[in-house]
Amino acid sequence: MLRFLYLNIYSFLLVFMGILVLLLPFYKISIWILIAQGIIAFCLFLSGAKLLLAWEDKKIKRNILLSKNRDEFRPDTFEVFVQSPCGRLLVRSVLSELDKSSEYKKILKMKKPLWAVIKENIKPVKTTIYINENIK
């Protein structure tokens, strides 16, 4: 139960922020601000729900990390997870179970800067336009 709460802290935070957005009394100002407030709250609730629904995936990844590092500690297996906040929570959880909490600072050095991650994930697209001159 505590592991569930710890690994889903960001999803609970998003849901709580959505509730706070709904509680703000913007309806007194304008109906348009109320509509924007509802859209923002819906986006926060949706993001929180997506993170909560990823619980089974987090359990599977946690078990994989534990099995890979139980016999021999391999810091390279944590590199993918250290790139996101939820993944860092997963890394901390696995390291504490392996009694290797002191290794977290070394693993955190593998975290790439935000701009490097954005550059890696943006793929250029080449667009080619063909003009058919035979059509009149």
Side-chain angles (χ1 to χ4, degrees):
M1 180 66 177
L2 287 175
R3 184 176 298 128
F4 174 79
L5 293 174
Y6 179 71
L7 291 178
N8 289 309
I9 197 163
Y10 289 111
S11 56
F12 294 130
L13 184 66
L14 285 171
V15 170
F16 181 70
M17 285 172 46
I19 291 170
L20 283 179
V21 166
L22 285 178
L23 291 178
L24 295 173
F26 286 147
Y27 63 91
K28 294 179 180 178
I29 299 172
S30 171
I31 189 72
W32 298 108
I33 294 177
L34 181 65
I35 293 171
Q37 181 181 4
I39 292 171
I40 291 170
F42 178 74
C43 291
L44 289 170
F45 287 139
L46 191 63
S47 299
K50 283 181 183 178
L51 286 177
L52 275 174
L53 291 175
W55 170 244
E56 291 298 321
D57 187 46
K58 288 178 189 177
K59 285 194 310 190
I60 292 169
K61 288 178 181 176
R62 184 180 163 281
N63 290 336
I64 290 171
L65 281 174
L66 282 171
S67 64
K68 283 184 177 181
N69 291 289
R70 196 169 302 280
D71 298 330
E72 177 188 353
F73 183 67
R74 297 174 40 207
D76 60 311
T77 57
F78 295 99
E79 185 176 0
V80 174
F81 301 102
V82 115
Q83 305 306 325
S84 67
C86 293
R88 288 191 286 275
L89 289 176
L90 183 66
V91 167
R92 281 190 168 200
S93 172
V94 169
L95 288 176
S96 68
E97 186 146 336
L98 293 171
D99 292 328
K100 302 265 187 197
S101 296
S102 59
E103 299 289 326
Y104 182 71
K105 286 187 179 181
K106 294 177 188 173
I107 292 173
L108 197 58
K109 290 179 183 175
M110 289 189 276
K111 181 180 174 241
K112 298 175 186 170
L114 179 64
W115 293 112
V117 173
I118 291 173
K119 277 186 177 180
E120 279 181 11
N121 291 325
I122 293 178
K123 296 178 179 131
V125 177
K126 181 179 179 182
T127 305
T128 307
I129 300 174
Y130 296 100
I131 299 173
N132 191 353
E133 295 177 358
N134 295 335
I135 298 176
K136 291 185 180 184

Neighbour count >12 (heavy atoms, 6.0 Å) for atom CZ, F42: no
Listed partners of K106 passing salt bridge (Lys or Arg N to Asp or Glu O under 4.0 Å), at least two apart: E103
Salt bridge (Lys or Arg N to Asp or Glu O under 4.0 Å) partners for K112, two or more places apart: E120
ILVMFWY cluster membership beyond F16 - transitive side-chain contacts under 4.5 angstrom: L20
Side chain to side chain contact (heavy atoms under 4.5 Å, CB included) against I9, all qualifying residues, sequence neighbours excluded: L89
Nearest heavy atoms of A41 and G18, plus distance in Å: CB-O, 3.8 Å
Residues which pass side-chain hydrogen bond (donor to acceptor under 3.5 Å, both in side chains) with S96, listed by chain and number, not counting sequence neighbours: none
Cluster link L13 to L44, ILVMFWY, side chain under 4.5 Å: yes
Gap separating the CD1 atom of I107 from the OG atom of S102, nearest 0.5 angstrom: 9.5 Å
All side chain to side chain contact (heavy atoms under 4.5 Å, CB included) counterparts of P85, not counting sequence neighbours: Y10, R88
With sequence neighbours excluded, residues passing side chain to side chain contact (heavy atoms under 4.5 Å, CB included) with S30: W32, I33
N8 to L51 - nearest heavy-atom pair and separation: OD1-O, 3.7 Å
Pairs flagged by ring-ring contact (aromatic ring centres under 6.0 Å, His included) wherever residues 46-65 is involved - sequence neighbours left out: F4-W55
Cluster check I64, L98: I/L/V/M/F/W/Y, side chain < 4.5 angstrom: no
Any pair counted as salt bridge (charged side-chain N to carboxylate O under 4.0 Å, His left out), so long as it reaches residues 36-57, sequence neighbours left out: E56-K59, D57-K61
Smallest separation among heavy atoms of R74 and N69, with atom names: N-OD1, 2.7 Å
Test side-chain hydrogen bond (donor to acceptor under 3.5 Å, both in side chains) applied to E97 - qualifying residues, sequence neighbours left out: R3, R62
Reported CG-to-CG distance for the pair L95 and L66, which is rounded to 0.5 angstrom: 9.5 Å
Residues that, via side-chain heavy atoms closer than 4.5 angstrom, fall in one hydrophobic cluster with V15: I19, L22, L23, F45
Distance, nearest 0.5 Å, that separates CZ of R92 from CG of L108: 8.0 Å
Shortest non-hydrogen contact between G48 and S11, atoms and distance: O-CB, 3.4 Å
Pairs involving residues 80-121, ordered by first then second residue, that meet ring-ring contact (aromatic ring centres under 6.0 Å, His included) (sequence neighbours left out): none
